[in-house]
J.: 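To start, I am sharing the structure in question, which I have written as structure tokens.
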Amino acid sequence: MILEKGFIDNKMLEQKLEKHHIKPTAMRLLVLRQMVESGVATSLRNLEAKFDKADRATLFRTLKTFEEKKLIHSIDDGTGAIKYALCEEGCECVPKDQHLHFHCVHCKETYCLTNSKIPEVQIPTGFIAASASMVYKGICANCS
Ligand SMILES: [Zn+2]
Ligand SMILES: [Zn+2]
Ligand SMILES: [Zn+2]
């Protein structure tokens, strides 16, 4: 979901947080706005660079809260830094709700491929899948 900049008012962001039972604090609204506007997955380091007045622990807690409430999902794109991106409406962050990601080796951005769900695979009896991760690597449209 990529929204056009300038069309995101705080009311909308507040509603999004409340829907996920997250109390809308100023910090949370700022982080959410940043994630909605950027349209790509972001890392903690990335956020730190954007909010130079916020400390790392606060930002980390904000991301963890968002993740626990299934507002965002974390992505291990193989770069070593966990990235975070907004979930789709109604996402429960279980394998059937998860999608593929694309990591651009040139600009290092990671994109959600929300139209491509993780394919269902045969899990052996007795195994319980909690999450799945599938990352394509290559060159994104901005870099090709
Ligand atoms: Zn999710
Ligand atoms: Zn790129
Ligand atoms: Zn994603």
Side-chain angles (χ1 to χ4, degrees), residues 1-52 54 56-124 127-144:
M1 178 196 58
I2 297 165
L3 290 165
E4 206 148 344
K5 272 183 197 191
F7 284 87
I8 308 157
D9 59 24
N10 262 345
K11 191 91 217 120
M12 201 181 111
L13 297 174
E14 273 173 33
Q15 281 168 354
K16 211 170 170 54
L17 288 176
E18 278 161 4
K19 215 169 152 185
H20 289 265
H21 310 288
I22 304 166
K23 217 172 116 218
T25 62
M27 189 63 198
R28 287 169 179 170
L29 285 167
L30 282 173
V31 172
L32 178 60
R33 170 174 294 276
Q34 165 61 31
M35 295 188 81
V36 171
E37 284 180 348
S38 82
V40 291
T42 187
S43 64
L44 177 60
R45 186 175 302 170
N46 220 311
L47 279 181
E48 270 185 286
K50 294 242 158 59
F51 300 103
D52 52 349
R56 191 187 176 92
T58 309
L59 287 170
F60 184 70
R61 265 203 315 274
T62 305
L63 288 172
K64 281 291 143 195
T65 303
F66 283 6
E67 191 184 10
E68 278 160 23
K69 303 285 187 185
K70 301 182 170 43
L71 174 64
I72 63 172
H73 54 282
S74 58
I75 306 149
D76 180 358
D77 59 13
T79 58
I82 299 292
K83 306 259 168 70
Y84 300 87
L86 290 171
C87 283
E88 292 175 277
E89 205 73 37
C91 175
E92 287 295 328
C93 296
V94 291
K96 73 165 181 60
D97 289 336
Q98 292 180 309
H99 49 257
L100 273 66
H101 290 96
F102 190 101
H103 177 70
C104 176
V105 295
H106 190 252
C107 66
K108 316 285 184 218
E109 297 285 16
T110 297
Y111 301 82
C112 288
L113 305 181
T114 48
N115 289 330
S116 305
K117 299 292 172 207
I118 299 253
E120 218 178 308
V121 297
Q122 199 82 50
I123 311 257
F127 287 66
I128 299 164
S131 69
S133 163
M134 209 169 165
V135 182
Y136 268 68
K137 293 191 184 189
I139 309 286
C140 77
N142 292 330
C143 297
S144 64

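These numbers come from a predicted model, not from an experiment. When a ligand or atom number is given, it counts from 1 through the structure's own listing order. Positions are given from 1 along the sequence.
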J.: If every non-hydrogen atom of Ala41 is compared with every non-hydrogen atom of Ile75, which pair is closest and at what distance?
T.: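 Reported closest heavy-atom pair: CB-CD1, 3.7 Å.
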J.: Could you pull out the closest heavy-atom pair between Leu59 and Phe51, with the gap in Å?
T.: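 Looking at all heavy atoms of both residues, the closest pair is CD2-CD1, 4.0 Å.
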J.: Which heavy atom in Cys104 sits nearest to a heavy atom in Tyr111, and how many Å separate them?
T.: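 Distance-wise, the nearest heavy atoms are CB-CE1, 4.5 Å.
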J.: To 10 degrees, how wide is the angle NE2 (His101) to the Zn ion (ligand 3) to SG (Cys112)?
T.: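 Rounded to 10°, it measures 120°.
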J.: Would one find more than 12 heavy atoms of other residues, nucleotides or ligands at under 6.0 Å from atom NZ of Lys137?
T.: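 Yes, NZ of Lys137 has more than 12 neighbouring heavy atoms, counting only those of other groups under 6.0 Å.
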J.: Measure the shortest side-chain to side-chain distance between Glu92 and Lys70 over non-hydrogen atoms and say whether it is less than 4.5 angstrom.
T.: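 SC-SC contact between Glu92 and Lys70 confirmed.
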J.: For the Zn ion (ligand 1), what is the number of protein N, O or S atoms at a distance under 2.8 Å?
T.: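 Near the Zn ion (ligand 1), the number of protein N, O or S atoms below 2.8 Å is 3.
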J.: Which residue in the set Glu88, Lys83, His101, Gln98 passes side-chain hydrogen bond (donor to acceptor under 3.5 Å, both in side chains) when paired with His73?
T.: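 Filter result, single survivor: His101.
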J.: For Arg56, give me all partners under salt bridge (charged side-chain N to carboxylate O under 4.0 Å, His left out), at least two apart in sequence or on another chain.
T.: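 Counting only residues at least two positions away or on another chain, Arg56 forms a salt bridge (charged side-chain N to carboxylate O under 4.0 Å, His left out) with Glu48.
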J.: Measuring from the Zn ion (ligand 3), name the closest N, O or S atom belonging to His99.
T.: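 Checking each N, O and S atom of His99, the shortest distance to the Zn ion (ligand 3) belongs to NE2.
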J.: Residues two or more places apart in sequence or in another chain: which of them pass salt bridge (charged side-chain N to carboxylate O under 4.0 Å, His left out) with Glu67?
T.: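 By the salt bridge (charged side-chain N to carboxylate O under 4.0 Å, His left out) rule, Glu67 matches Lys64.
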J.: Are Arg28 and Phe66 side-chain neighbours, meaning at least one heavy-atom pair lies under 4.5 Å?
T.: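 Yes; the side chains approach each other to less than 4.5 Å.
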J.: Decide yes or no for Asn10 and Arg33: does some side-chain heavy atom of the first lie under 4.5 Å from some side-chain heavy atom of the second?
T.: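 Result yes, sub-4.5 Å side-chain heavy-atom pair found.
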J.: Enumerate the protein N/O/S atoms at a distance below 2.8 Å from the Zn ion (ligand 2), ignoring waters.
T.: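 Sorted hits: Cys104 SG, Cys107 SG, Cys140 SG, Cys143 SG.
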